[in-house]
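Chain A is the first sequence line, chain B the second, and so forth, proteins listed ahead of strands; every chain is numbered from 1.
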Amino acid sequence: MSATGSLNQYIQLIERMYRTSQGNFLSRLLSLRDEHVGNRNLRSSDIATLVEGNCVAPLDEIVISHLLCVKSLYLRDYMEAFEHQSACVACVVKLLQNQKEVNWGLPVMYTVCLDLRLVAQKAEATYLQSNGKILEKAAESLLACFRVCAADNRSSDADTKRLGMLTLVNQLLKVYFRINKLHLCKPLIRAIDSSPFKDQFPLAQQITYRYFVGRKAMFDSDYRSADDYLSFAFHNCHKQSIKNKRLILTYLVPVKMLLGFMPSIQLLQKYDLMQFWDLVSAVKKGDLRGIDQVMEEHESFFISAGIYLIVEKLKITAYRNLFRKVYLAENSHQIEIASFQAALQLMGHDDVDADETQCIVANLIYDGKIKGYISYQHKKVVVSKQNAFPPLSSLY
Amino acid sequence: MSSYFDYFCQNIENETREKSTQNVDRILGTCYSMCPEDEVKLREAERLVHLLEVWGSERRLVKSYSRSAADSNMAVPHLLRPYSVLANTVQYLLLDVTRRVDVPESIMYDFVNDRLRAVRQDITIQRLIPTQCVCLLEPMIRFYVYYGYVLSAHPLKDYDPVLNKKYLLECLKWYLTCCDSIAKEKGNIDELSGFFSGLELNIRESKSKLVNDQALVESLYILCNLDDLHPLYRYLKMTKDLKRQEKLELSYEIAIANLQGNYVKVCRLSEKLCPLLYCALCTYLPTLQRRALNVTCHAYNNKRLTVPSTALVRWLCFTTERDANTVCSHYGLKVNGDAVQFDRSEFKTDAHLHIPVIRNIRKKFDVSLIDIFTYETSK
């Protein structure tokens with residue numbers, strides 16, 4: 001909207017959009033990321049008295065808190081801005097509640113909620129001692145919106161506010177991941193998964209949703225579903241959103257690797273994820289020392305992405321690959337435990353003994369990664385004549 | 001809906017108001033004995049004095065736990081004990097009461113547990129500052145870890161492992177949250193270890209006193225939750241100083257070995273643990289053994305071949321060959337003399353967890369009960 005014009009013009013415009021139920025236009029007029037924010041006329045010293053009585057009932061409070069928030073942002077007082085934006089969201093909640101049987105107000109809710117999260121993040125970054133408290137408060141406000149949407153089950157399918165649930169859930173997921181409260185995601189995920197509109201939500205929202213749910217599945221060690229969610233996100237993500245695709249791949253690559261699919265060097269180069277390349281080659285070779293080196297070199301990247309423990313688990317794949325090499329070199333169906341042990345020692349597990357080697361083999365057999373059995377008496381592993389090392393990708 | 005929203009708004013308002021007045025409405029206890037006068041009178045009259053509160057002719061009552069109810073006001077200063085009294089109470093419960101041998105251990109556990117809950121309740125109501133909380137919680141964590149193992153073979157009517165785990169986790173998480181906020185306040189986590197080493201409860205001048213050992217608690221958090229990844233995520237995000245602490249590094253290594261199913265390594269490394277960490281691991285041992293036996297059943301699956309029990313003793317920390325054989329037959333495996341035949345179709349996956357005979361921790365490490373509650377890992 002225009003960056004000039006008087007406060008009265010601005011109010012009239014908002015009222016007109018409201019009367020004509022133009023949610024998208026109204027949302028822009030109440031956004032913190034719109035041109036009108038730069039308009040000096042809207043930053044007068046006494047907004048409350050100027051607006052009051054000059055604007056129809058449910059809108060006045062919204063406009064006041066919105067403009068107060070803008071003012072605080074210009075004064076760089078992010079805490080104050082956050083309070084005003086919270087008030088703004090609260091007023092929008094009341095507005096939506098009173099709009100029965102229609103959902104044209106949803107875009108307004110999306111905008112004020114997104115702005116609330118952004119302001120909260122800004123405040124969080126400014127007041128470090130708050131330690132997630134501001135974002136937690138923002139989440140409370142978002143939840144109030146979510147409840148209004150989720151509870152709207154009387155309206156027809158086209159007009160129900162339940163269509164707005166996913167956008168809110170995504171905002172909440174972003175907050176919860178940022179403040180590391182993943183356990184709070186569960187009820188939200190359940191609400192979306194059981195929603196009849198599950199597949200009707202906008203694609204962009206579905207992608208965001210699956211990106212977060214996939215990450216959560218990864219943290220919960222549920223790699224099959226993590227693969228499903230993240231793959232969906234990756235394949236449907238717009239091809240020009242390189243940054244987002246890279247983010248998705250940061251998690252999809254290690255998950256895929258665990259499931260036995262190694263990424264190509266072209267893919268990793270394209271998305272600037274070469275940290276994984278050394279890892280891929282080390283795992284392929286069964287080079288345990290190499291894996292340790294990669295982990296040390298890229299420690300902070302792996303830890304901050306939360307995939308360090310997955311990399312630890314990739315060592316099991318490396319064992320399998322190493323033992324397969326021994327098996328191919330020995331060219332026999334009966335392999336001495338001592339040969340496996342020597343291979344482990346050669347590759348960096350210096351202190352491994354026969355007992356531990358057997359334990360590692362035992363786990364691989366249990367997981368179905370080696371077909372065969374161990375003979376304790378003969379100190380040998382007897383592997384199947386056919387398909388002794390089935391491809392990992394066939395196991396899951 | 002709207003009423004809830006009003007309630008929510010009011011909450012926010014109240015909170016902001018609270019912040020501006022900064023702790024003015026914090027309640028300070030004025031009860032300077034371990035048990036408030038009122039409760040002493042009531043319990044004496046109603047004959048509710050616990051056997052463990054009677055010391056010869058003397059009676060030493062300790063405030064007992066009572067659930068907060070809607071109609072009762074618990075925030076009364078003369079019913080609440082200030083920090084110094086709470087610290088004395090914890091010390092008394094752990095260092096004196098636990099030494100009583102005239103009552104069964106499970107009864108003593110119930111008594112101390114109840115009184116410790118009352119202490120935690122007092123902490124909560126008075127909203128003590130984190131630096132005080134950690135000093136009170138650390139000994140409690142030791143208590144729950146130690147007795148969690150010692151009592152693990154007791155029947156359910158005497159001791160409930162689930163409840164013990166619940167209290168243990170409550171204390172652990174509370175403690176760790178306090179550590180985090182202390183670190184935040186300090187603004188520099190590296191100073192934390194130095195800060196903590198100077199923080200001891202100097203209540204008695206005797207040689208045994210309670211201490212606060214953050215590395216020990218962080219290690220316990222890992223080893224008491226071996227099937228959970230969150231303690232490991234926490235470990236990875238720690239500062240280098242803390243990470244490098246020997247006990248903590250070892251606990252992480254054990255957890256990773258367990259994650260990879262490497263039971264041989266877990267058992268081998270467990271020999272290097274200090275008494276309490278060893279307790280934590282031993283409590284987990286039956287679970288580890290069951291899973292490992294299931295794995296070996298698949299790996300050594302053969303109708304003719306066997307695995308000698310001595311190998312199992314080596315791999316899985318069994319105390320004796322007989323112990324190993326009992327556990328194997330409990331899970332449905334055939335035992336021929338001194339060897340076990342692994343047949344994966346025989347393994348009973350639905351058999352309840354077999355809890356082996358409890359080993360004597362104090363004898364193994366040659367430490368007294370007081371040592372268990374007071375030793376420091378850094379020394």
Side-chain angles (χ1 to χ4, degrees), chain A residues 83 86-87 90 93-94 97-98 128-131 133 137 140-141 143-144 147-148 151 180 182-183 219-221 299-300 302-304 306 308-310 312-313 315-316 319 349 351-368 370 372-378 381-382, chain B residues 1-2 4-6 8-9 11-12 15-16 19 177 180-181 183-185 187 227-230 232-238 240 252 255-257 259-268 291-292 294-302 304-308 311-312 314-316 339-340 342 344:
Chain A
E83 302 289 346
S86 295
V93 169
K94 274 188 207 157
Q97 239 163 11
N98 294 326
L128 286 173
Q129 72 275 22
S130 105
N131 192 15
K133 290 281 182 307
K137 270 190 188 172
E140 291 266 2
S141 303
L143 268 177
R147 285 192 202 98
V148 173
N180 210 7
L182 296 196
H183 58 283
F219 281 116
D220 297 338
S221 313
E299 191 185 69
S300 52
F302 289 138
I303 290 179
S304 62
Y308 193 83
L309 294 177
I310 294 202
E312 289 275 14
K313 280 194 180 173
K315 280 189 185 159
I316 295 172
Y319 291 141
H349 272 10
D351 53 347
V352 83
D353 65 0
D355 281 344
E356 204 180 324
T357 310
Q358 287 191 39
C359 173
I360 293 172
V361 177
N363 273 295
L364 289 172
I365 295 177
Y366 178 72
D367 291 340
I370 299 179
Y373 66 90
I374 308 172
S375 161
Y376 184 85
Q377 277 83 2
H378 303 100
V381 181
V382 183
Chain B
M1 269 302 177
S2 75
Y4 180 82
F5 190 75
D6 292 342
F8 159 75
C9 288
N11 263 356
I12 284 195
E15 238 169 76
T16 36
K19 284 235 175 76
T177 320
D180 291 345
S181 46
K184 278 265 153 51
E185 264 167 44
D227 285 327
D228 193 347
L229 292 184
H230 292 100
L232 299 181
Y233 288 127
R234 182 180 164 88
Y235 171 81
L236 290 175
K237 298 219 161 137
M238 283 176 193
K240 284 237 157 58
Y252 175 74
I256 291 295
L259 193 72
Q260 294 169 342
N262 195 334
Y263 44 84
V264 171
K265 196 172 175 186
V266 172
C267 292
R268 193 165 294 159
R291 202 174 50 219
N294 193 7
V295 170
T296 46
C297 263
H298 281 77
Y300 296 83
N301 178 35
N302 197 296
R304 283 170 293 120
L305 298 173
T306 54
V307 175
L312 291 179
R314 242 181 15 244
W315 295 345
L316 293 171
V340 182
F342 283 113
R344 68 175 170 219

Under 4.5 Å from any heavy atom of chain A - which part of [X]:
X: Ile256(B); result: side chain
X: Ser181(B); result: neither
X: Arg344(B); result: neither
X: Asn262(B); result: both
X: Asn294(B); result: both

Original post:
So, for Gly261(B) and Cys359(A), which heavy atoms are closest and what is the spacing to 0.1 Å?
Top reply: O-SG, 3.8 Å
Subject >> Those residues that, when tested against Lys313(A), pass side chain to side chain donor-acceptor pair (under 3.5 Å) (two or more places apart) >> reply: Tyr223(A)
Original post:
Between CD1 of Ile310(A) and CZ of Phe302(A), what distance do you get to the nearest 0.5 Å?
Top reply: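 Rounded to the nearest 0.5 Å, the CD1-CZ separation comes to 11.0 Å.
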Original post:
Under a 4.5 Å heavy-atom cut-off, does chain B meet the side chain of Ile374(A), its backbone, both or neither?
Top reply: both
Subject >> Proximity breakdown for Ile303(A) and chain B, heavy-atom pairs closer than 4.5 Å >> reply: both
Original post:
Ring centres of His183(A) and Phe219(A) under 6.0 Å apart?
Top reply: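 Aromatic pair excluded; centres sit 6.0 Å or further apart.
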**OP:** Would you check if the distance from the ring center of Tyr373(A) to the ring center of Phe342(B) is below 6.0 Å?
**Re:** no
Original post:
Between Val264(B), Asp180(B), Val295(B), which shows the greatest number of heavy-atom pairs under 4.5 Å with chain A?
Top reply: Val295(B)
Original post:
With chain B, which of Val352(A), Leu309(A), Ile365(A) has the greatest number of heavy-atom pairs at distances under 4.5 Å?
Top reply: Leu309(A)
Subject >> Pairing residues for Tyr235(B) by the ring-ring contact (aromatic ring centres under 6.0 Å, His included) criterion, not counting sequence neighbours >> reply: Tyr252(B)
Original post:
Can Lys265(B) and Asp355(A) be counted as an ion pair, charged N to O under 4.0 angstrom?
Top reply: no
